[in-house]
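In this text, all values refer to a predicted model and were calculated from it rather than measured experimentally.
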Number of protein chains: 2
Amino acid sequence: MGTTHRTDQQRSADQRRRELLEAADRVVLRDGPQASMNAIAAEAGITKPILYRHFGDKGGLYRALAKRHTDALLAALRAALDAPAERRERVEATLDTYLAAIEARPQVYRFLMHPAEDAGQHAEHAFDVGRHSAPLLRRMGEELAQVIAERIELGPASEALARVWGHGIVGMMHAAGDWWLGERPCTREELVRGLADLLWGRLAEVDDRAGGPGF
Amino acid sequence: MGTTHRTDQQRSADQRRRELLEAADRVVLRDGPQASMNAIAAEAGITKPILYRHFGDKGGLYRALAKRHTDALLAALRAALDAPAERRERVEATLDTYLAAIEARPQVYRFLMHPAEDAGQHAEHAFDVGRHSAPLLRRMGEELAQVIAERIELGPASEALARVWGHGIVGMMHAAGDWWLGERPCTREELVRGLADLLWGRLAEVDDRAGGPGF
DNA sequence: CCCGGGGTGTTACTTGCGGTAACCGCAGTC
DNA sequence: GACTGCGGTTACCGCAAGTAACACCCCGGG
């Protein structure tokens, strides 16, 4: 049992961490982002200090939690982005992948992006998510920028332009998705087509309304 | 002093509120969004309960504070959007107006959009801004959607499409602006041109890089 | 002239959370 | 059997939001 024990402990270190993260996930999904450390600890069947031993502080726990979901989402997006198809099809597939993800797990999405959306009794003391939501958008923007820079010929200053576009497109996707998720004003396909049309320059082509110059 | 005083009190009710808001503004600009109610009260030369009498709770204070800046920004954007010029010029002017605003008062911008960016000793207990940043983006998106729907002929389902575009464009502007403000990778003009080019369909037109299909 | 009422302001408190120090008990070891 | 390392707990601190209860001040009315 000598070395076996050592391994057990080794294993259980990582294992424990994963269990704690899953417990935290459950609580966050149930209670929303304002889940307290106490509640998470209770869900995991332990008490606060252990959480702090594992994650340092609340931000650390959040970061670990967010990284899992973020990595999964980014992997899915990369897959859609790298699929062998026409550019427009790939753009639509990527948009659709993102929107399907946030549609499928809106609680996770809200946790990643919006701090303290729902109002518990005391809605304060929520996860300080906002500070970390930017990193997610940034990561997506940088990833997209890289793909654009790699794949498309943009002439001089292409690297800078690719980054502008990467962050811009990600922001478009994010804001439109957020609004759509809240109001559900149309189907996912319609939203995807609308956004792709926008990216495809329809804004420049469509006519003004009768009377006066257009937007 | 009879009726004069009544008026004084009346006046000073609104006046007071404005003074408190300006004090809060100063503190938020100095201490960042994690400014405490105590600190704001101290800056205003009074104590907490008065703040609560005026604004109900912290969210109320924030909302009042945000409304001022939001209204001002929206007014500026509307002006740029309504200027008599070609569509592309107006789009660029609007983007530039927004970017100039966030560039001129980044503290205000961070307060409106990002909760607790800077890290004080205890970076927690910040304004729960995230919950309210969405409304700002939503308002901008809805405003833009309205302008688009009014001015541009989008065919059937034009209202829905206008909203998609409104929120999408606002999100693009926001995310790109946020990234740009953090990294300053290029001049404002370059950013504006890059985004306008994106909206003008350059993504659909540019060639792939040599070897393999493009994005 | 005193007296009650609405407005402004204060002190002092409660509650609840993030974070930490100090202690507990049980493996396995010498 | 005493020693050590580690998972775990209780009990606590600090701090911020929010509140209750009290103090002042200026007024119109008896």
Legend entry - Distance in angstrom units between R17(B) CZ and dT8(C) P, rounded: 13 Å
Legend entry - Gap between atoms OH and C1', on Y62(A) and dG19(C) respectively (whole Å): 21 Å
Legend entry - I46(B), nearest nucleotide to its side chain (from dG18(C), dG8(D), dT10(C)): dT10(C)
Legend entry - Whole angstrom value for the distance that separates P of dT19(D) from CD1 of I50(B): 15 Å
Inset, instruction - Can you figure out which of dG18(D), dC17(C), dT19(D) approaches the side chain of P49(B) most closely? - result: dT19(D)
Legend entry - Interatomic distance where CZ belongs to R16(B) and P belongs to dT8(C) [whole Å]: 9 Å
Inset, instruction - Show your reasoning for whether ring-ring contact (aromatic ring centres under 6.0 Å, His included) applies to F111(A) and Y62(A). - result: CA-CA 10 Å; F111(A) 166 66; Y62(A) 168 74; 4.9 Å; yes
Inset, instruction - Would you mind telling me which of dG18(C), dG8(D), dT11(C) lies closest to the side-chain atoms of S36(A)? - result: dG18(C)
Legend entry - Nearest-nucleotide pick for K58(A), side chain only, options being dA17(D), dA22(C), dG19(C): dG19(C)
Legend entry - Interatomic distance where OH belongs to Y52(B) and P belongs to dG7(C) [whole Å]: 22 Å
Legend entry - W165(A) six-ring centre to R163(A) NZ/CZ under 6.0 Å and within 45° of normal: no
Inset, instruction - Take the protein atom CG of L20(A) and the nucleotide atom P of dG8(D), then report the distance between them rounded to whole Å. - result: 9 Å
Legend entry - Sidechain-backbone polar pair: Q146(B) side chain, E143(B) backbone, donor-acceptor under 3.5 Å: no
Inset, instruction - Starting at atom CZ of F55(B), determine the distance to atom P of dA17(D), rounded to an integer number of angstrom. - result: 15 Å
Legend entry - Among dA17(D), dT10(C), dG18(C), the one nearest M37(A) by side-chain distance: dG18(C)
Legend entry - Under 3.5 Å donor-acceptor pair, R53(A) side-chain atoms to dG8(D) base atoms: yes
Legend entry - Pair D25(A)-H69(A), side-chain donor/acceptor within less than 3.5 Å: yes
Inset, instruction - Establish, yes or no, whether the cationic atom of R88(B) lies under 6.0 Å from the six-membered ring centre of W200(B) and within 45° of the ring axis. - result: yes
Legend entry - Length of the CG-P vector between D57(A) and dG19(C), whole Å: 5 Å
Inset, instruction - Could you check which of dT10(D), dG18(C), dG18(D) has an atom nearest any side-chain atom of T47(A)? - result: dT10(D)
